[in-house]
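Below is one structure, written out as structure tokens, with a few remarks after it.
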Protein chains: 2
Amino acid sequence: MGTTQLETAPEPKYWHLKTVLSDALDTEFSVGEILPNERDLAARFGVARATLRQALEQLELEGRLQRRRGVGTTVAPPRVGVAVDPARHTWPGATGDDWQPVAAEEAATVPAPVARLLERAPGEPVHVVRRSRVSAGRPVAAELLYVRTDALPGCADPAGPDPAARARAVLHALQALDLDGQDRTVELGSASAEDAKQLDRLPGAPVLVVTTRYVSGGRPTAVAVSTYRADTCRLTFGERAAEPVLTG
Amino acid sequence: MGTTQLETAPEPKYWHLKTVLSDALDTEFSVGEILPNERDLAARFGVARATLRQALEQLELEGRLQRRRGVGTTVAPPRVGVAVDPARHTWPGATGDDWQPVAAEEAATVPAPVARLLERAPGEPVHVVRRSRVSAGRPVAAELLYVRTDALPGCADPAGPDPAARARAVLHALQALDLDGQDRTVELGSASAEDAKQLDRLPGAPVLVVTTRYVSGGRPTAVAVSTYRADTCRLTFGERAAEPVLTG
DNA sequence: AAGTGGTCTAGACCACAGC
DNA sequence: CTGTGGTCTAGACCACTTC
């Protein structure tokens with residue numbers, strides 16, 4: 001807060017601003033409270049609005065703030081813990097998972113990385129199931145599940161006008177297979193236009209991308225690409241997953 | 001400004017720019033190649049430099065680009081898969097892990113969240129060990145490991161002028177304990193000044209924060225906070241962790 | 001209509017790498 | 001030194017929500 005900073009210079013303004021704001025959030029604000037608007041904040045701290053926004057972006061990335069166009073900036077609640085690895089080996093769609101089927105279709109083209117994981121040529125058809133995950137009343141993740149069509153011979157019929165019903169049919173057929181195992185990767189990504197809409201965020205919002213491969217009969221049978229909101233989610237793994245805030 | 005775009009408007013320029021650049025990276029550039037500088041690129045696409053930078057930031061976040069001040073922007077190699085969950089239950093520092101001890105000290109103050117995980121009051125002393133993880137010759141993660149001092153009675157002596165030696169001593173003492181289990185969380189964060197230096201990034205760079213809690217004797221004994229470079233790392237979990245990107 | 005955050009511009013200067 | 005990316009400014013307009 002000093003005035004003369006003779007040799008503390010090399011620290012960028014937005015970085016210093018961020019720490020000041022972060023401390024203020026801890027001491028002077030409570031969850032859900034709305035902050036002054038960006039123009040006022042910038043004026044108060046004597047910086048350009050762009051600089052103030054750089055600090056706010058960092059804080060939003062860390063899950064401290066939530067910004068909504070047309071509304072304002074509010075103090076975000078602590079990140080929600082979502083269980084990703086239920087030690088038990090089960091297919092997606094098993095009873096008790098937190099996902100809701102949205103739609104399904106048989107697609108001829110899949111992203112190249114997914115095709116590689118499935119050990120299929122990019123042109124061969126696969127079932128594509130879109131699902132949604134909700135926690136504490138808020139959407140936390142969107143998913144695209146790819147299943148080899150030849151693994152579900154009884155499910156080759158795409159009939160039914162209801163997209164959600166088709167999705168449930170594919171998921172139900174999966175449960176009959178033996179599951180040898182699964183492996184997972186987690187990386188940072190940015191939300192596609194569709195995922196963003198499903199997650200109630202803007203396109204490009206940071207997401208944690210969880211890629212799960214399911215192995216059955218000695219070969220990869222399904223691949224799930226789940227995108228979690230990085231600002232509001234904390235992924236939990238292991239035995240006693242997600243103690244602080246979790247439903248059941 | 002260029003021509004009339006009557007109804008293609010709602011897509012932000014930087015978003016469109018990002019997809020154009022992404023396609024160009026796939027088709028016209030190879031890994032390691034350097035791109036034209038930002039001023040030239042901005043001029044070529046007819047946008048302000050700030051807008052061009054917004055697109056580049058997204059691509060860097062997705063691990064497609066690498067930018068270094070004073071050098072330039074290069075096409076990044078595919079993300080490195082790093083194994084995080086070696087199904088085997090072992091303490092940090094067990095033979096065969098990929099971490100290098102850097103230093104250790106006995107600290108009286110620990111971050112509040114860590115103290116809570118350790119079920120210690122924020123004031124009680126703990127061992128703090130800093131470690132570094134290197135993969136493919138590049139630093140990929142920095143870690144702070146917190147260990148209850150009362151769990152390592154034989155290690156109460158902080159002697160030794162060599163920081164790395166002290167770190168090894170703490171890790172070695174850990175191995176003698178029984179390990180009941182461990183649980184983990186993954187979330188998005190931004191690099192602190194120290195982590196940034198260790199990771200060869202700028203402060204605030206996006207990182208994947210892995211928090212691991214080790215339980216011994218029925219109570220939490222150690223907590224590791226590992227920060228992985230989000231731009232270059234893909235965390236892998238499960239049995240067949242981290243098989244190289246290409247399957248031939 | 002008013003107020004918010006989101007996008008965009010055209011400049012300027014700074015910090016750093018390499019010659 | 002030159003050239004690069006990083007920071008910062010002061011303004012403008014747009015998209016959205018709310019009243």
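This structure is a prediction, so every number in the text was calculated from the model and none was measured. Reminder, nothing fancy here: chain letters follow the sequence lines and each chain counts from 1.
- In the set C:dC8, C:dC13, D:dT7, the nucleotide with an atom closest to the side chain of B:K13 is C:dC8.
- Using a 4.0 Å heavy-atom cutoff across all strands shown, A:L202 reaches sugar-phosphate atoms only and no base atom.
- Computed from coordinates, the B:E38 CD to C:dG11 C1' distance equals 15 Å when rounded to whole Å.
- With the end axes of the helix from C:dA1-D:dT18 to C:dG18-D:dC1 each set by five pairs, the angle from one to the other reads 10° at 10° resolution.
- Residues passing the side chain to side chain donor-acceptor pair (under 3.5 Å) test with B:Y146, sequence neighbours excluded: none.
- A residue-by-residue look at A:T73 and B:A50 shows that A:T73 has its nearest nucleotide of DNA chain C further toward the 5' end.
- Rounded to an integer number of Å, the gap from A:H16 NE2 to D:dT7 C1' is 16 Å.
- Note: CD (A:Q58) to C1' (D:dG6) measures 13 Å, nearest angstrom.
- Side-chain atoms of B:E33 and B:S30 include a donor-acceptor pair closer than 3.5 Å.
- Atom pair A:R67:CZ and D:dC16:C1' shows a separation of 15 Å (rounding to whole Å applied).
- Between B:E60 and the options B:R201, B:R68, B:K18, a salt bridge (charged side-chain N to carboxylate O under 4.0 Å, His left out) holds for only B:R201.
- When the nucleotides C:dG6, C:dT7, C:dT9 are ranked by their closest atom to the side chain of A:R39, C:dG6 comes out on top.
- Atom CD of B:Q54 is separated from atom P of D:dG6 by 14 Å (rounded to the nearest Å).
- Using modelled atom types, one side-chain atom of A:R79 and one backbone atom of A:A230 make a donor-acceptor pair closer than 3.5 Å.
- Ring geometry for B:F237 against A:F237 counts as parallel: the plane angle stays under 30°, on a 0 to 90° scale with 60° as the upper cut.
- Regarding B:K18, its NZ atom lies at a distance of 17 Å from the P atom of C:dG6, rounded to whole Å.
- With rounding to whole Å, B:K197 atom NZ is found 15 Å from C:dA15 atom C1'.
- Contact between the side-chain N/O atoms of A:Y14 and the OP1/OP2 oxygens of D:dT7 is found at a separation under 4.0 Å.
- Judged by atom type and distance alone, A:R69 does not reach the base of C:dG3 through any side-chain donor-acceptor pair under 3.5 Å.
- In this model, the phosphate group of D:dT7 is not approached by any side-chain N or O of A:T51 to a distance below 4.0 Å at OP1 or OP2.
- The listed nucleotides are D:dA12, C:dA17, D:dT18; the one nearest the side chain of B:V71 is C:dA17.
- Between A:N37 and C:dT4, a side-chain N or O to OP1/OP2 separation shorter than 4.0 Å is present.
- Taking only distance into account, the side chain of B:R49 meets the base of D:dG6 through a donor-acceptor pair shorter than 3.5 Å.
- Of the residues A:D231, A:D26, A:D23, the one that meets the salt bridge (charged side-chain N to carboxylate O under 4.0 Å, His left out) test with A:R64 is A:D26.
- Ion pairing of A:R53 with A:E38 is present here, as a side-chain N (NZ or NE/NH1/NH2) and a carboxylate O approach within less than 4.0 Å.
- Atoms CH2 (B:W15) and P (D:dA15) sit 18 Å apart, rounded to a whole Å.
- Distances were taken from every side-chain heavy atom of A:R53 (C-beta onward) to each of C:dT9, D:dT4, C:dG6; the shortest belongs to C:dG6.
- Under the 3.5 Å distance criterion, with hydrogens and angles disregarded, no donor-acceptor pair is assigned to the side chains of B:T73 and B:R67.
- Residue contacts for B:R68: at a heavy-atom cut-off of 4.0 Å it reaches the sugar-phosphate backbone alone, with no base atom in range.
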